[in-house]
Amino acid sequence: MRPSFHDCGEELIPFRHRAIVVGGGIAGLVAAQVLSRRFDSVTLVERDTPSTEPGPRPGVPQSRHCHLLLLRGQQVMNDMFPGLDSELRARGAESMDWIADFAMFWHGRWVPRFQSGLTGHCSSRDLLELVLRERVTRIPNITFVPGHEVTGLLREAEAVRGVRVRARDGGRTDVLGGDFVVDASGRRSRAPQWLEALGYPLPEESVVDSHTGYASRLFEPPPGASHGWKVLVVRSHAPSSRAAGIYPMEGRWLVTLTGVAGDAPDPTERGFDEFLRTLPDPAIGAALQGARPLGPVTGFRGAATVWRHYERLRRNPDGFVLLGDAFCSFNPVYAQGMTLAVLGAQVLDQHLIAQRSRGTGLSGLAPRFHRQLGEITKSAWLMATSEDFRYPTTTGERPSSGVRLVQAYMNLVIEGMRERPSLFRNMVEVAQMLKPPQSLFQPEVLANTLLPAVKRAAAASFPPS
Ligand SMILES: Cc1cc2nc3c(=O)[nH]c(=O)nc-3n(C[C@H](O)[C@H](O)[C@H](O)COP(=O)(O)OP(=O)(O)OC[C@H]3O[C@@H](n4cnc5c(N)ncnc54)[C@H](O)[C@@H]3O)c2cc1C
């Protein structure tokens with residue numbers, strides 16, 4: 001077959017044949033968009049049959065809980081789907097400045113608020129996913145196959161050549177041939193078992209569990225509510241284990257409670273109200289006075305950080321990669337998952353382009369891609385797990401011994417940010433993945449952080465006579 005060509009802006013890329021994406025969550029949708037520019041056709045297989053309205057579905061039970069898309073994720077997604085931001089706003093997402101509109105109680109005080117220009121949107125995950133799905137299904141060379149479950153991989157020599165698919169209504173099993181398969185089936189991905197069935201080794205797993213649990217409920221805001229904030233968060237900080245937030249969700253409020261160290265909120269009305277009463281600050285309970293509950297309380301448990309180390313596999317079949325939670329699922333309290341999924345899709349695209357310029361087809365792409373995905377995962381992993389290990393009940397692979405020093409330094413940064421808005425802004429940029437964590441260790445930040453701490457210590461040791 002003569003290759004056909006598609007002008008995708010940067011350069012001419014030859015179409016290959018069919019790519020298959022397993023899972024139509026956030027990672028699967030962004031992967032499908034990327035692959036549609038590099039392959040003849042893309043088939044996206046999704047177990048659920050999603051509705052045409054934003055709403056929860058069985059395959060993503062986490063969507064009933066707060067999902068903040070970090071600013072870095074918003075930027076990259078907006079580049080992939082031009083106009084996404086304005087479309088989300090037009091359909092009810094709230095525009096916000098992530099410092100001015102974000103009231104947060106942390107380390108026993110309210111953090112500073114000021115216009116920062118760090119602007120973006122806040123929406124439900126259901127709306128974000130619906131808009132992405134609508135965009136993706138309008139791309140002519142993508143076929144969306146709902147109501148079907150992938151049950152295994154097909155192998156030819158040392159390459160994956162498609163998937164086994166079962167219809168969920170009648171259980172009919174079929175095979176779907178393809179040259180490239182992306183597993184984006186989330187936290188409960190069966191890819192290790194699929195690879196093992198083909199004779200490949202299982203990936204090693206690192207698990208860090210801070211024993212965090214969620215409970216959420218939707219509310220209609222009290223009539224005429226005007227508080228000067230758009231998001232209100234009471235954040236936990238060890239040893240305190242309880243946190244909560246009010247997030248704007250297309251005109252409603254989503255209230256999400258989070259309990260760390262095994263202190264998960266009981267997902268009942270009574271448990272929800274009791275948990276609210278015991279937060280380190282009463283602001284959330286007060287804001288909810290007069291708010292009307294719009295549905296039941298739902299819970300979520302089992303949100304450990306799990307990294308399946310595909311980047312360490314000695315043997316990989318060609319033509320099979322993993323993306324999103326299937327590669328590494330994070331403790332959700334740091335809101336990294338969707339951003340890592342979209343960054344991973346961006347890296348995948350760069351690798352597809354590089355393979356093309358090397359003229360090596362898909363050969364060797366999987367280990368190269370997984371190694372780079374491992375690199376971007378590492379920094380998010382360190383940020384999340386070093387916070388998790390502030391709780392002595394956290395279990396799993398401990399980060400290096402230097403972590404205590406980093407935690408102590410971060411305490412000084414948090415202390416210093418109250419007087420220095422620029423320091424706080426820097427922290428927010430790191431948390432939003434706009435800057436690397438190393439930016440908090442640059443000389444001027446070190447000076448701003450350590451000097452006041454030394455002065456405070458000196459003043460305490462040598463009080464004026
Ligand atoms: C309680 C909670 C709160 C969270 N909050 C945030 C947050 O604030 N910010 C953030 O960025 N992230 C958050 N996350 C993480 C976020 O949900 C994921 O990281 C992100 O959605 C990427 O997921 P994914 O697309 O890889 O997997 P998922 O979203 O889980 O999607 C997987 C899809 O695959 C389908 N599927 C599964 N198996 C098969 C199969 N065999 N065949 C076909 N289809 C299949 C499922 O039906 C589903 O549609 C949170 C997670 C939890 C649990």
Side-chain angles (χ1 to χ4, degrees), residues 20-32 43-50 56-74 76-77 122-126 128-129 132-133 144-153 163-168 176 181-191 193-194 212-216 231 233 245 247 249 254 256-259 264-265 267 298-306 308 322-345 373 377 380 384 431-433:
I20 299 167
V21 178
V22 186
I26 303 296
L29 293 166
V30 293
T43 304
L44 197 167
V45 185
E46 166 53 48
R47 196 162 52 184
D48 286 345
T49 304
R57 58 187 180 83
V60 283
Q62 72 267 35
S63 82
R64 294 175 185 270
H65 306 276
C66 156
H67 265 68
L68 294 179
L69 177 59
L70 301 181
L71 282 177
R72 177 83 186 280
Q74 295 192 18
V76 179
M77 244 186 227
C122 180
S123 79
S124 65
R125 182 202 146 115
D126 292 339
L128 175 66
E129 190 190 282
L132 290 178
R133 192 166 53 246
F144 184 61
V145 183
H148 284 71
E149 180 174 29
V150 169
T151 57
L153 301 172
V163 295
R164 275 178 218 292
V165 182
R166 181 170 55 209
R168 296 206 82 205
L176 183 64
V181 177
V182 177
D183 178 31
S185 63
R187 201 172 258 275
R188 282 169 211 85
S189 157
R190 304 274 303 153
Q193 290 74 18
W194 298 342
T212 298
Y214 274 60
S216 294
V231 171
V233 169
Y247 305 90
M249 293 288 141
L254 178 64
T256 290
L257 314 180
T258 317
T298 49
F300 192 97
R301 303 276 172 101
T305 300
V306 181
R308 295 182 195 95
L322 295 103
L323 196 67
D325 283 16
F327 186 82
C328 183
S329 41
F330 286 91
N331 176 349
V333 299
Y334 309 107
Q336 296 164 312
M338 296 191 291
T339 297
L340 262 295
V342 71
L343 292 177
L373 189 57
T377 300
Q432 296 286 335
M433 290 193 193

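Remember, it's 1-based here, ligands and their atoms both numbered in the order they're listed.
Atoms CZ and CG, on Arg64 and Asp126 in that order, are 8.5 Å from each other to the nearest 0.5 Å. Interatomic distance, Asp325 CG to Ile26 CD1, rounded to the nearest 0.5 Å: 10.5 Å.
Annotation: Arg190, atom CZ; neighbour count of heavy atoms from other residues, nucleotides and ligands within 6.0 Å does not exceed 12.
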| message | Could you go through Ser185 and Asp183, starting from their C-alpha distance and side-chain angles, then the distance that decides it, and tell me whether this counts as side-chain hydrogen bond (donor to acceptor under 3.5 Å, both in side chains)? | response | CA-CA 6 Å; Ser185 63; Asp183 178 31; 2.7 Å; yes
- Task: List the steps, then state whether side-chain contact (heavy atoms from CB on, under 4.5 Å) holds for Ser123 with His67.
- Result: CA-CA 8 Å; Ser123 79; His67 265 68; over 6 Å; no
List the steps and the verdict of side-chain contact (heavy atoms from CB on, under 4.5 Å) for Met433 and Leu71.
CA-CA 7 Å; Met433 290 193 193; Leu71 282 177; over 6 Å; no
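Within ligand 1, the atoms closer than 4.0 Å to a non-hydrogen atom of Arg57 are 47 (O), 48 (C), 49 (O), numbered from 1 in the order shown. Numbered from 1 in the order shown, with element, the atoms of ligand 1 that lie under 4.0 Å from a heavy atom of Ala335 read 7 (C), 8 (O), 9 (N), 10 (C), 11 (O). Atom numbering of ligand 1 starts at 1 in the shown order; those under 4.0 Å from a heavy atom of Ala27 are 24 (P), 25 (O), 26 (O). Of all the atoms in ligand 1, the ones that sit under 4.0 Å from a non-hydrogen atom of Leu68 are 7 (C), 8 (O), 9 (N), 10 (C), 11 (O). For ligand 1, the atoms sitting less than 4.0 Å from at least one non-hydrogen atom of Gly324 are 26 (O), numbered in the order shown with element in parentheses.
The protein heavy atom nearest to atom 30 (O) of ligand 1 is Gln62 NE2, 3.3 Å. Considering only non-hydrogen protein atoms, atom 15 (C) of ligand 1 sits nearest to His67 NE2, 3.9 Å. If you check which protein heavy atom lies closest to atom 40 (C) of ligand 1, you get Val150 N, 3.7 Å.
Selection from Pro58, Gly25, Ala341, Ser185 by nearest heavy atom to atom 36 (N) of ligand 1 gives Ser185. When the heavy-atom distances from atom 19 (O) of ligand 1 to Val163, Asp325, Leu340 are ranked, the shortest goes to Asp325. Considering each of Gly213, Gly337, Gly344, Pro332, the one bringing a non-hydrogen atom nearest atom 4 (C) of ligand 1 is Pro332.
For Phe300, no nitrogen or oxygen atom sits less than 3.5 Å from a nitrogen or oxygen atom of ligand 1, counting backbone and side chain alike. Ligand 1 has an N or O atom lying under 3.5 Å from an N or O atom of Arg47, backbone or side chain. In terms of polar-atom proximity, Arg187 is not counted as a contact of ligand 1, lacking any N or O under 3.5 Å from an N or O of the ligand. Considering both main-chain and side-chain atoms, Glu46 comes within under 3.5 Å of ligand 1 through a nitrogen or oxygen pair. Considering backbone and side-chain atoms alike, Gly28 places every N or O at 3.5 Å or more from each N or O of ligand 1. The N/O atoms of Tyr214, backbone and side chain alike, include none that comes under 3.5 Å of an N/O atom in ligand 1. Checked by distance only, ligand 1 and Leu69 stay at 3.5 Å or farther apart across all their nitrogen or oxygen atoms. At under 3.5 Å, not a single nitrogen or oxygen of Leu323, backbone or side chain, sits near a nitrogen or oxygen of ligand 1.
Under the 4.0 angstrom criterion for non-hydrogen atoms, Val45 is in contact with ligand 1. Assignment of Arg125 to the shell around ligand 1 is supported, since a heavy atom sits closer than 4.0 Å. Contact annotation: Cys66 has at least one heavy atom less than 4.0 Å from an atom of ligand 1. Ligand 1 lies within reach of His148, whose nearest heavy atom is under 4.0 Å from it.
Contact annotation: for Ser189 versus ligand 1, there are no heavy atoms closer than 4.0 Å.
The backbone N or O of Ser63 sits nowhere less than 3.5 Å from a side-chain atom of His65 that would complete a donor-acceptor pair. In this structure a side-chain-to-backbone donor-acceptor pair under 3.5 Å is present from Arg187 to Ala304. Using a distance-only test at 3.5 Å, with no hydrogens or angles considered, a donor-acceptor pair links the side chain of Thr305 to the main chain of Asn331. No donor-acceptor distance shorter than 3.5 angstrom exists from the side chain of Glu149 to the backbone of Arg168, with no hydrogens or angles considered. Although no hydrogens or angles enter the test, the distance criterion places a donor-acceptor pair under 3.5 Å between the side chain of Thr377 and the main chain of Leu373.
Between Glu46 and Arg133, no side-chain nitrogen of the basic residue sits less than 4.0 Å from a carboxylate oxygen of the acidic one, so the salt-bridge criterion is not met.
Side-chain contact check for Leu254 versus Ser124: every heavy-atom pair is 4.5 Å or farther apart.
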